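Before any comments, here is the structure.
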Amino acid sequence: MVARFTAQELLHSDLLINGEWVGGSQAQRFPVTNPSTGEVITQVASASQADVHTAIAAAQAALPAWSGLTAVERSRILRKWFDLIVENVDSLAEILTLEQGKPLEEARGEILYGANFIEWFAEEVKRLYGETIPTNVSSRRLLTIRQPIGVTAAITPWNFPMAMIARKAGPAIAAGCPMIVKPAAETPLSALAIGRLALEAGVHPGVLQVITGPASVIGPELTASPAIRALSFTGSTEVGKKLMSDCAHTVKKVAMELGGNAPVIVFDDADIEIAVSGTIDSKFRNSGQTCVCANRIFVQAGIHDRFVEALSTAVAKLNVGDGFSRDVQQGPLINLEAVEKVESHISDAVSRGAKVVVGGNRHSIGGTFFEPTLITSATMDMTIASEETFGPVAPIFIFETEEEGLEMANSTPFGLAGYFFTQDLARMWRVSEKLEVGVVGVNTGLISYEGAPFGGVKESGVGREGSLHGIEEFLEMKYICIGAVN
Ligand code: ADP
């Protein structure tokens, strides 16, 4: 039997340090608001430098016993954590929608998706094989083993408040590494809730700690600490670059999942229905607030008008509302700043000749709700072509040849996800190989799966999450040379 908790029971607002809920060494707290209503949900503890030090010390103390468990023992505890998350999916989804705004069904999807990473790495850890190497000297034997890197840290964003943590903590903890998580200030509640369930599952105190509070206090403490051997970050390229440089002083291993500027290319030979539904999936999920979101949609001239017509019908049908309402596909944006960014991208595009075909304005519901928007006649000089909008705006660019479409798609310093739609098998290969991205979706807008490697190229990041490769970020390979064997 796995315990079931109400959302209220999982709603924690203190720091999770060394298996205890603590208010923090300073009395300060900060509000977490529901983006759909603007109401304050709760006041969460704000960690001080001293709290971060305490957490780092607790993680160091927890390391020997946790990494000393056998892979099978850790695997069983992680499996229990997975079971608890699945059993409590409704309560966790409620908390997630409350603090993040996404539709409840999408929140459920995120919780289960995140849980899958924990299950996957609970299995994968049993297969962390080493190697024996044919020797170069007859009296020597050569082998490798893979060991946990040590204490680790994660800094995560608000767009996937649960899954971005599970993707990091799952492999780190499976590998034997304690992890200190600093969730985004907008969405700390999901992090605290899954931290609670990790404790319930038997993850040792100090192995998964959740430190909430200002990035300006917590970030530098984590990056400067010589005890922390790896940092896994998901967020903006700007902050990622700063963290990489801060981590250089102690030569930490870094895994960086940074911004994208994902292209969608619709070729003349695409199946139009598949292209439209794939574009909707990729563009409007989470109100366009994902790093793999379609940001630029390149459509070949021969299919352009038909595609725009079909896509505008689909965009106009998207229901906007509070994530707890039924039949809502799009919740609010995270805050007013996000709304202003979307507005500035639209007005810049319009001032340079783009046409708004659907939407274009704040939604009549008010708050931070925004109309799903489609614009045409987008050109490469517009801000929307070079910056991630992170909102529900689909800009259509037109191109003539495959070469031109690829050139436009690749003309960005970013390279996380890229999508294209075609029925031509040779083109599927050609374009997949030439797109400068880490993840390619062909005839689909949904690519995430815990068994597949996720990560970017160019300024979109380093390292991979998920798959058999994701655990490498938390491992060191050790070579052992045994002499005098004969
Ligand atoms: P987003 O645009 O998604 O908010 P950010 O990169 O600003 O992306 O934030 C992602 C995470 O990084 C959040 O948890 C945020 O608090 C944290 N963060 C932001 N600035 C810093 C910093 N200077 N040092 C450490 N963490 C930071």
Side-chain angles (χ1 to χ4, degrees), residues 15 30-33 35 44-49 51-52 55-56 99-102 110 152-169 179-192 194-195 209-225 228 230-250 252 254-262 286-293 295 332-342 344-345 368 387-391 414 416 456 459-462 465:
L15 312 174
F30 65 95
V32 179
T33 54
V44 171
S46 190
S48 64
Q49 289 178 338
D51 297 320
V52 184
I56 294 172
E99 66 176 346
Q100 205 275 347
K102 67 178 66 177
E110 178 182 337
T152 65
I155 298 180
T156 55
W158 49 261
N159 60 346
F160 290 93
M162 187 280 184
M164 293 304 106
I165 295 172
R167 263 190 351 190
K168 300 175 190 307
M179 177 169 262
I180 298 170
V181 176
K182 192 214 87 64
E186 294 84 349
T187 58
L189 304 176
S190 297
L192 293 164
I194 62 164
Q209 302 182 95
V210 183
I211 303 287
T212 53
S216 56
V217 172
I218 301 169
E221 292 304 313
L222 295 176
T223 51
S225 169
I228 294 177
L231 172 73
S232 180
F233 171 74
T234 299
S236 60
T237 295
E238 186 192 350
V239 173
K241 285 179 181 175
K242 180 178 182 321
L243 292 173
M244 281 177 89
S245 123
D246 291 351
C247 285
H249 298 288
T250 47
K252 292 186 206 322
V254 291
M256 295 278 148
E257 298 292 350
L258 309 178
N261 182 5
N286 205 9
S287 307
Q289 303 173 115
T290 83
C291 48
V292 290
C293 252
N295 201 52
L333 298 189
I334 191 71
N335 53 32
L336 216 48
E337 217 184 323
V339 174
E340 283 160 7
K341 183 171 189 195
V342 166
S344 80
H345 278 197
T368 57
E387 267 184 34
E388 218 175 359
T389 306
F390 235 61
F414 301 100
L416 188 52
E459 293 188 22
S460 286
V462 289
E465 292 190 325

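Note that ligands are numbered from 1 as they come in the structure, with each ligand's atoms numbered from 1 the same way. Keep in mind the model is a prediction, meaning the values are calculated, not measured.
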Inset, instruction - List in chain and number order the residues that pass ring pair (Phe, Tyr, Trp, His ring centres under 6.0 Å) with F414, two or more places apart in sequence or in another chain; answer none if no residue qualifies. - result: none
Legend entry - Qualifying residues under side chain to side chain contact (heavy atoms under 4.5 Å, CB included), relative to N286, sequence neighbours excluded: Q100, K102, E106, N159, F160, Q289, T290
Inset, instruction - Could you grab the distance from atom CD of E221 to atom NZ of K182, nearest 0.5 Å is fine? - result: 13.5 Å
Inset, instruction - Kindly compute the distance separating CE (M179) from CG (L231), expressed to the nearest 0.5 Å. - result: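 Between M179 CE and L231 CG, I get 8.0 Å after rounding to 0.5 Å.
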Between ligand 1 and the protein, which N/O pairs are shorter than 3.5 Å?
residue, atom, partner, partner atom, Å
ligand 1, 4 (O), W158, NE1, 3.2
ligand 1, 6 (O), S236, N, 2.9
ligand 1, 6 (O), S236, OG, 2.7
ligand 1, 14 (O), T156, O, 2.7
ligand 1, 14 (O), K182, NZ, 3.2
ligand 1, 16 (O), K182, NZ, 2.9

Inset, instruction - Test M256 against every option in T234, T237, V462 by the side chain to side chain contact (heavy atoms under 4.5 Å, CB included) rule and name the one that passes. - result: V462
Inset, instruction - Please list all pairs passing the side chain to side chain donor-acceptor pair (under 3.5 Å) test where one or both residues lie in residues 183-192, with sequence neighbours left out. - result: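 Every pair satisfying side chain to side chain donor-acceptor pair (under 3.5 Å) with a residue in residues 183-192: E99-S190.
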